[in-house]
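In the text below, chain A, chain B and the rest are named by the order of the sequence lines, each starting its count at 1.
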Amino acid sequence: MESQSQGSSSSDFVRKLYKMLENPTDENVVRWGNDGDSFVVLENEKFTKHILPKHFKHSNFASFVRQLNKYDFHKVRHNNEENGQSPYGPGAWEFKHPDFKMNNKDALDNIRRKAPAPRKTNQPNEEMIIPAQQMDMMSNQLVATQAQLHALESRYNELSIHHSMLLQEVIGLQKTVVNHEHVMQNVMTFLHNVDAQRRRDSRLGNPFPPNGNQTQNGNVDGAQNQSNPSTEDDIPASPLQHASKLLSETNADVMLNPRNLEHMNEITMRMNGTLTTPPPDLIRSVRPASRGPPSAGSSANSLRLGDIDNLVYPVGQTNGIDPMYSEHINNIPYSMPPKAADSTNTQIQETRKKSAQVDPGWIRQPQILLVEDDPTCRRIGSKFLYAFHCSIDSALDGLEAVNKMNAGSKYDLVLMDIIMPNLDGVSACHLIRQFDNTPIIAMTSNIRSDDISMYFQHGMNDVLPKPFTKEGLLHMLEKHLAHLKKPISHMDGGMVAPQPLASTRQVLKEESPAKSPATASWNSPNPVPGVSPVATGMSEEYLHAVHANPAAYTVQGVPGMPQGNVPYNTSPQMPMPGHAQQQAGHRRQISDISGGENMNPAKRQQMYANAPLQPGPLNTMQRPR
Amino acid sequence: MARADSVKDDAGDRSDHGHDRDRDRDHDRHHHDHEDHEDHGGDIMKIPGAKDSIDEATFEQILEMDDDEDEREFSKSIVYDFFAQAESTFEKMDSNLEKKDLKTLSELGHFLKGSSATLGLSKVKDSCEKIQNYGQKKDDKGEKDITEEEALKKLETTIKQTKQEFHDVEKVLRKFYNDEQ
């Protein structure tokens, strides 16, 4: 109020007070005390009404007294005196300050506002500092978040580049294969020509051995022919050598491509290697410091500059997202909705008592990746899979599926739509087969024999015709997840034995399931005429493998079992299970130290909530059980 | 409508899903069907028009997945999502028909074929397959080649027909889900 405007100029108020007392006209209202070391307000009412406004621009006596108190004036009390009465009368107010004396104007400079007052005015400033610190924190966090976004963005860009490289590689490989076939054809025609010529020659040559061959094939051949009939076989040896030479040349071409892949792999490894090493150390040193500011207050200013990096990690890690860990991509909230929805579904699932529920009797819940761009099919497929007690992850197109599997997610079975945007199912399967052997089932309405043989050629294990039926789907699961079944199957035979029916399905055209939904599953081991032998071969081989060594599939995700996981998968994620454990350890440790377990319950919850559904490293850790 | 005796006539199911845009168009055509229709008692196949447009086994297995046979939350949401999906696909078909983009039309046909087949909407599915084939400049069976002009002509009529079939089956389904204002 006024106090502040007056108090701001060192002792303005005191000087005004002094000046007021210099004026003798008001002596009967206010005057110096008898000893000249105090002043007395004799008539309170008059003082307030007439004198205060003249000198202090207000007419509030209480305010005036408060002002005096601020300057450490004290009301002089007379309780201890004989009569307990003020010498100036009962209504008088006498105020006193050691340095406020009549005839001592210089001493006035010593009168200052009391200490508490300045404290009060400074306190708001302190309060202002703390929000400022918080603002700094906030802006730092913003910067950190932006950094994360950038990191993610660059990671994404990089992945898309890798993807396009991969695709080019595959295209290159396909071209090579085509060239290879051309070469083979050339070789074969060449061989045929040579062979035909040789036979002609030998027919001619036998009656007249020396001459005939000499004209046609030269001296040496003729001589060999004549001297040793067994060397006849050696004659086509030179064309055969030629052929094998050609073959080895094309082989060399093929060899170039894996090298590119390896190179790419190295790049990713190097990049991930450098990125994954620092954080564990940083977590230890940095976490407490950056947790500090909210409580430490005063020290926060020193943290402000140049310590943005420190903030990146805590922000990231309490979120479960650290730009430095590519696998944290699974923790990004906006990728979660489908999973979250899934999880609620599972919960609903558990509380259910539906007859539609079929428990095929798994020894553990199979992890299924459903790759499908059509939401209707995806939802129904997921629903059926849930009904079969499977855990489902879904991908909207082939690209997402490849990325998921390449990121280390392990599944027991992949159900793959064929026609999808971005990357079709066949290409996706082809790419996945470069590093993973998980059974992949084509889920499609395109089931002509040439389509089907193409699916198998690209590494698909089976075909589930669309629209799929519950029974067809269950059959697929039981067929390809036999190793996950409890020893004694309690399934009713009607569902498990569509084999005889399958033969009625020899027409490979689409069929409406109207007539026989139960039989709509495709049975590759019962080859329909026209189906490529590759088809039956593959799945039989696969089944055989499963039966012979059921462990093979259960151990697949464990590092150090690179069986079939040739180049790509060995890259960033192979050492992950251990790493993830280590990291989880860090997290717990940190939060224990800082008592931060409850600091961010929402984020934490999110982190753990992901765990069971995230088929990545966690599942690989569960596997060996 | 004349279904006051329905056992499933609870207000909870009567939410408007905003898909009645095209419904009134063919409203009169089937109106009398519904008039003398008895309660279908939860059996969709008893609804007139269902038999030839819905594949019972396929649709039934989706209904089986409903937790509550009165609310039919799961199947209903799938079916209603399909309505929206179909409408937007038809819009895309129309614009691509104008652009004469056969390839996209074929893809759209394939897309809608997948979901309609999964729901067992056999008529719509068959027509979508034709759209898919025509878009590839093949005949309806996808066997013989046809010219682009033929394809566009056939596409125009087939898309029209598919829409009609869709709206027919949509009515049946809405009736089944007690949503027929």
Worksheet item: What distance separates His110(B) NE2 from Asp374(A) CG, expressed to the nearest 0.5 Å?
Response: 8.5 Å
Worksheet item: What's the shortest heavy-atom distance between Pro467(A) and Ala117(B), and which atoms?
Response: CB-O, 3.2 Å
Worksheet item: Does atom NZ of Lys138(B) have more than 12 heavy-atom neighbours from other groups under 6.0 Å away?
Response: yes
Worksheet item: Any side-chain heavy-atom pair from Pro421(A) and Glu107(B) closer than 4.5 angstrom?
Response: no
Discussion item. Only pairs of heavy atoms separated by less than 4.5 Å count here; which of Ile380(A), Asp373(A), Thr444(A) has the most with chain B?
Written reply: Ile380(A)
Worksheet item: Hey, which of Ser116(B), Gly120(B), Gly142(B), Ser115(B) has the most heavy atom pairs under 4.5 Å with chain A?
Response: Ser115(B)
Worksheet entry | Nearest-0.5 Å distance, CD of residue Gln132(B) to CD1 of residue Ile419(A) | 6.0 Å
Worksheet item: Once you round to the nearest 0.5 Å, how far does CZ of Arg378(A) lie from OG1 of Thr118(B)?
Response: 11.5 Å
Response to the item:
Arg379(A) and Phe74(B) have their tightest heavy-atom pair at O-CZ, 4.0 Å
Fill in: Ser75(B) versus chain A, the contacting section by heavy-atom distance below 4.5 Å
neither
Fill in: Glu150(B) atom CD: more than 12 heavy-atom contacts under 6.0 Å
yes
Worksheet item: How many angstroms lie between CD in Gln61(B) and CZ in Phe384(A), if you round to the nearest 0.5 Å?
Response: 3.5 Å
Practice prompt. Report the C-alpha distance between Thr469(A) and Thr58(B) in whole Å, list the side-chain angles of each, state the deciding distance to 0.1 Å, and finish with yes or no for side chain to side chain contact (heavy atoms under 4.5 Å, CB included).
Written response: CA-CA 7 Å; Thr469(A) 62; Thr58(B) 310; 5.7 Å; no
Practice prompt. Provide the closest heavy-atom pair for Glu64(B) versus Lys470(A) in the form atom of the first, atom of the second, distance.
Written response: OE1-NZ, 2.8 Å
